[in-house]
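Step one of this worksheet: look at the structure below.
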Amino acid sequence: GKEEQKNMAHRKLVWLFAALLISSTYADDDFEVSDDDSPDHNSYFSDVKNVLEDPLPEDVDKLLEVTDHATFVLLYKEDSTTQPLMSVIRDTVNNFSTMVNYVVINCEYYRHAYGDNQRYCIAAMSQNLPGIALFVPPKIKQNPYTGESMPPTTHNFQGNLDSSELKKFIEENLPFYGENPQTASDADIINRSPINTVVLATKKRKVPMVFKALTAEYKDRLEFVIVHLHNEETIAAYDIKKFPTLFVLTPNSK
């Protein structure tokens, strides 16, 4: 029956959460970096799989074009603050390794290695470094009217360079590709989707970080819906009896 389908789908979803949390693979496994005989330079993340250090500019372009995950970009130059800075960055990598792509660029090395093709550092070199930005992919990759690619949204970090500030910055700006229906009509439109819909009913006012990450990891393969405690109409539409709860609606059970 429908209840059995919900329970089975719920167990599968729990496994998805577990896999996302324990996975240590790069967020976009099918992204390949170009071969390059670049000059030697310091490497701070050679032991970390999901950090690109001083990649070719066109590799950064490609990553930003294909990824559904947010991309954290650090621009810096070597000085006495570099070692403590990299320690802070490593803390954020450990916290978000399966949710965020990381690009770390030494702008002095970039100027030496790539000359005029150093566009990610040109503006930054006239400002105080280090500089940090989070590039968030658009929900729709291509403009349906013009056919042109939609650019990512750039969030520039303005806080203190410590682990807690960076963690807060990333959490607040991680993309959520799901839906937050406000009425029964909204829910009915979402339910017409031909793919499975994951519904999270939560007491929290914000979208949980792991749920955001799931919407990026399974974008276009699963629909995601969040229902908040205060929204009585949507609670009734999904027949939610307790908070928090998590379940999956298949096309046959909607």
Atom CG in Asp91, atom CD1 in Ile89: separation rounded to 0.5 Å? 9.0 Å
Counting N and O atoms only, with roles assigned by atom type, does the side chain of Tyr109 sit under 3.5 Å from a partner on the main chain of Glu78, one being a donor and the other an acceptor? no
Student check: side-chain heavy atoms of Val199 and Leu246 closer than 4.5 Å: no
Does the side chain of Leu85 reach to within under 4.5 Å of the side chain of Leu161, using non-hydrogen atoms? yes
In this structure, would Val225 and Ile189 fall into the same cluster of hydrophobic residues linked by side-chain contacts under 4.5 Å? no
Begin from the C-alpha positions of Leu64 and Val60 and carry the test side chain to side chain contact (heavy atoms under 4.5 Å, CB included) through to its verdict. CA-CA 6 Å; Leu64 295 177; Val60 182; 4.2 Å; yes
Sequence neighbours excluded - salt bridge (charged side-chain N to carboxylate O under 4.0 Å, His left out) pairs with any residue from residues 241-251: Asp239-Lys241
For atom CZ of Arg205, is the number of surrounding heavy atoms from other residues, nucleotides or ligands below 6.0 Å larger than 12? no
All side-chain hydrogen bond (donor to acceptor under 3.5 Å, both in side chains) counterparts of Ser164, not counting sequence neighbours: Asp162
Thr197 versus Phe224: any side-chain heavy-atom pair under 4.5 Å? no
Minimal non-hydrogen separation, His69 against Ala213, with atom names: CE1-O, 4.5 Å
Nearest 0.5 angstrom please: Leu249 CG to Ser193 OG, how far? 10.5 Å
Smallest heavy-atom separation, Glu53 atom then Ser43 atom, equals OE1-OG, 2.7 Å
Separation between CD1 (Ile195) and CG (Leu222), nearest 0.5 Å, reads 6.0 Å
Taking all heavy atoms of Ile240 and all of Phe247, pick out the closest pair and write down the distance. CG1-CE2, 4.1 Å
Enumerate donor-acceptor pairs with a distance under 3.5 Å from any side-chain N or O in residues 151-159 to protein atoms, sequence neighbours excluded.
residue	atom	partner	partner atom	Å
His155	ND1	Asn173	OD1	3.2

Got a salt bridge between Glu58 and Lys62, using NZ or NE/NH1/NH2 to carboxylate O under 4.0 Å? no
Backbone N/O of Lys77 and side chain of Asn106: donor-acceptor pair under 3.5 Å: no
What residues form a side-chain contact (heavy atoms from CB on, under 4.5 Å) with Val207, not counting sequence neighbours? Phe176, Phe211, Lys212, Ile226
Taken to the nearest 0.5 Å, the spacing of Thr92 OG1 from Glu171 CD works out to 11.5 Å
Can you find a heavy atom in the side chain of Pro130 that is under 4.5 Å from one in the side chain of Leu74? yes
Closest heavy-atom pair, Thr250 versus Asn196, reported as atoms and distance to 0.1 Å, is CA-OD1, 3.4 Å
Grouping I, L, V, M, F, W and Y whenever their side-chain heavy atoms are under 4.5 Å apart, do Met150 and Leu134 come out in a common cluster? no
Excluding sequence neighbours, so at least two apart, what forms ring pair (Phe, Tyr, Trp, His ring centres under 6.0 Å) with Phe72? Tyr102
Would you compute the distance between atom CD1 of Ile132 and atom CD of Glu165 and round it to the nearest 0.5 angstrom? 11.0 Å
Non-hydrogen side-chain atoms of Ile235 and His228 separated by less than 4.5 Å: no
Hey, is the main chain of Asn180 close enough, under 3.5 Å, to the side chain of Gln182 for a donor-acceptor pair? yes
Considering residues at least two apart in sequence or located in another chain, which fulfil the side-chain hydrogen bond (donor to acceptor under 3.5 Å, both in side chains) criterion with Thr183? Asp186
Which atoms form the tightest heavy-atom contact between Leu129 and Tyr76, and what is the distance? CD1-C, 4.0 Å
Point-to-point distance, once rounded to the nearest 0.5 Å, from CG of Asn94 to NZ of Lys167: 12.5 Å
Applying side-chain hydrogen bond (donor to acceptor under 3.5 Å, both in side chains), can you list everything that pairs with Tyr177, at least two apart in sequence or on another chain? none
Ala184: partners by side-chain contact (heavy atoms from CB on, under 4.5 Å), with sequence neighbours left out: Glu233, Ala237
Check: Val88 and Leu166 side chains under 4.5 Å, non-hydrogen atoms: yes
Return the minimal non-hydrogen interatomic distance between Tyr44 and Asp47, and the atom names on each side. O-OD1, 4.3 Å
Looking at side-chain heavy atoms only, is the closest gap between Ile170 and Met209 below 4.5 Å? no
Just jot down the side-chain hydrogen bond (donor to acceptor under 3.5 Å, both in side chains) partners of Thr215, sequence neighbours excluded, or say none. none
Quick one, Val93 and Val48 - any side-chain contact, counting heavy atoms below 4.5 Å? yes
Asp220 meets the side-chain contact (heavy atoms from CB on, under 4.5 Å) criterion, sequence neighbours left out, with none
Under a 3.5 Å distance rule, please check whether Asn50 uses its side chain to pair with a backbone N or O of Asn101 as donor and acceptor. no
Residues that Lys203 engages under side-chain contact (heavy atoms from CB on, under 4.5 Å), provided they are two or more places apart: Leu229, Phe243
Show me the side-chain donor-acceptor pairs of residues 135-147 shorter than 3.5 Å, one per line, residues at least two apart or across chains.
residue	atom	partner	partner atom	Å
Lys139	NZ	Gly178	O	3.3
Lys139	NZ	Glu179	OE2	3.1
Lys141	NZ	Glu65	O	3.4
Lys141	NZ	Thr67	O	2.5
Gln142	NE2	Gly147	O	2.9
Asn143	OD1	Tyr145	N	2.8
Asn143	OD1	Thr146	N	3.1
Thr146	OG1	Glu148	N	3.2

Check for a donor-acceptor pair, side chain of Thr234 on one end and backbone N or O of Pro181 on the other, with a separation under 3.5 Å. yes
